[in-house]
Visitor: 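Here it is, the structure, as structure tokens.
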2 protein chains.
Amino acid sequence: MAEKQRRKPGETREKLMNAALTLVGKGRHFASLGIREVTRQAGVVPTSFYRHFRNMDDLGLQLVDELGLVLRRMMREARANVLQADKLIEESVAIFISHARANRSFFMFMAQGLAGESRAVQEGIRSEMRYFASELANDLRRLRLVDHLNDQDLDMTSDLVVRSVAFSLTDLLGVSPDDDYQIEQIRKRTTRFLQLIFVGAANWKSPG
Amino acid sequence: MAEKQRRKPGETREKLMNAALTLVGKGRHFASLGIREVTRQAGVVPTSFYRHFRNMDDLGLQLVDELGLVLRRMMREARANVLQADKLIEESVAIFISHARANRSFFMFMAQGLAGESRAVQEGIRSEMRYFASELANDLRRLRLVDHLNDQDLDMTSDLVVRSVAFSLTDLLGVSPDDDYQIEQIRKRTTRFLQLIFVGAANWKSPG
DNA sequence: CACATAAGTGTACAACTGTGCACAAAGGTC
DNA sequence: GACCTTTGTGCACAGTTGTACACTTATGTG
């Protein structure tokens, strides 16, 4: 069993990932972070970095994995809380916003990574979004809210929903986390976006 | 008239801006560019930089201004070519894609800037998008395609359209500029996104 | 044409960067 | 308890960075 022998460790590893995340949360762009900077923030000697990551891109990739966990937690909570279908959109957007607030740095990293420097990180985040969209499509299918849509159109709708929400991230991260008024505005707007999309889906007729 | 006394010059200035753009086009992230790197690419001595820009953020801001011009050119072309309303969406998306191709670096800079490091650049790009959306709303009003929408709902629709297209940028910039097949896929998908949104707008009833 | 101002160059330096290497302290396995 | 592997440290070094300063060259104005 020479597979996973990191039994206790991963302490510094975690410190480094948190350090990078912290710097991102402070407004720095991930692409501009250096190894020394991150290790300094983590309170570790620079060469320690190489014990866990090959370079900053590698660290970024591992952050994407953790981001996946955060997103999955969010999805689980949404599924648990959205009981009646009529408040589906409001509830989901509210949950999204609350998670984005609680994990601000993570979501900043996500927003940055979409147009980031590392192709691999970019692809990783995009893949997380695809997964998210496909799960959303499954839920919609299960709830039978959009029965008239074929699979392809349902996928398109889910994709558009996820994108719209993701774009709202940019708005959300642009305002102070304490600015309740602005956040409320963003929540309302995002909600209306999704409502508009669903009205479109409800009246959609597949071409042909 | 001591206003604009840069009569002939601005040569190096332009070289520097193009250099930054070129580097971004090569896959680098703007936030990770340094003064020396840019001047090197421009074939200019490092200290020359300060004759034109205070720092990299300043250069970024000036790039946003130029980006505005690019966007306005695109808008003009779209208005000139979209004669009959039935092909409005297809035509507009096609024009967008062709401009994104022709000015790849510029649009990369735009996509990066939305979640970039400089708050000012971020705000600048966002402002360009708002302007774009408001112009789109005007056009839609003029074409009387969505007469039943009040101003606020029309603004929302335009905003969502612009965002969806902007997000497609991320897709577009993620594939090779020569990959015609993938680009065609993105074109089709973006088109359907917009169609879905417009179906939503056509059936939208303002709440209340 | 003289001259002020702007644009561009060269040199210099202290600070910081990534990373290689040798060693020290843990931790688990026999 | 001997031993190996992983994790963390200290030191070193060459390369790069931003920027200050003093200089040369161009350029448009009186």
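All chains are named by letter (A, B, ...) in the order of the sequence lines, taking the proteins before the strands, and each is independently numbered beginning at 1.
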Visitor: Nearest-Å distance, CZ (Arg13(B)) to P (dG8(C))?
Guide: 10 Å
Visitor: Can you tell me how far C1' of dA7(C) sits from CZ of Phe49(B), to the nearest Å?
Guide: 15 Å
Visitor: OP1 or OP2 of dA7(C) less than 4.0 angstrom from a side-chain nitrogen or oxygen of Thr12(B), does that happen here?
Guide: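 No, no such contact exists.
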Visitor: List the residues meeting side-chain hydrogen bond (donor to acceptor under 3.5 Å, both in side chains) with Thr190(A), not counting sequence neighbours, and say none if there are none.
Guide: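 For Thr190(A), the residues satisfying side-chain hydrogen bond (donor to acceptor under 3.5 Å, both in side chains) (neighbours in sequence not counted) are Ser168(A).
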Visitor: For every nucleotide of nucleotides 14-23 of chain C, 5' to 3': is a protein heavy atom under 4.0 Å from its base (B), only from its sugar-phosphate (S), or from neither (-)?
Guide: ---BBBBB--
Visitor: Taking the basic N atoms (NZ, or NE/NH1/NH2) and the acidic carboxylate oxygens, is any pair closer than 4.0 Å for Arg101(A) and Asp180(A)?
Guide: yes
Visitor: In whole Å, I'd like the distance from the CG atom of Leu59(B) to the P atom of dG18(D).
Guide: 13 Å
Visitor: dA7(C) P sits how many Å from Glu14(B) CD, rounded?
Guide: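 Rounded to whole Å, this separation is 14 Å.
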Visitor: Quick one, His52(B) with Gln62(B), criterion side chain to side chain contact (heavy atoms under 4.5 Å, CB included). Give me CA distance, side-chain angles, the key distance, then yes/no.
Guide: CA-CA 10 Å; His52(B) 305 277; Gln62(B) 311 217 24; over 6 Å; no
Visitor: Any side-chain N or O of His52(A) less than 4.0 Å from the OP1 or OP2 oxygen of dT6(D)?
Guide: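 His52(A) to dT6(D) OP1/OP2: no side-chain N or O under 4.0 Å.
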Visitor: Determine which pairs satisfy salt bridge (Lys or Arg N to Asp or Glu O under 4.0 Å) with at least one residue from residues 41-52 of chain A, sequence neighbours left out, and list them in order.
Guide: none
Visitor: Would you mind reading off the distance between Asp57(B) atom CG and dG18(D) atom P, rounded to a whole angstrom?
Guide: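 Result: 13 Å.
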Visitor: Do you see a donor-acceptor pair shorter than 3.5 Å between the side chains of Arg28(A) and Ser32(A)?
Guide: yes
Visitor: Side chains of His29(B) and Gln112(A): is there a donor and an acceptor less than 3.5 Å apart?
Guide: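 No, because no side-chain N or O of His29(B) sits under 3.5 Å from a partner of the opposite role on Gln112(A).
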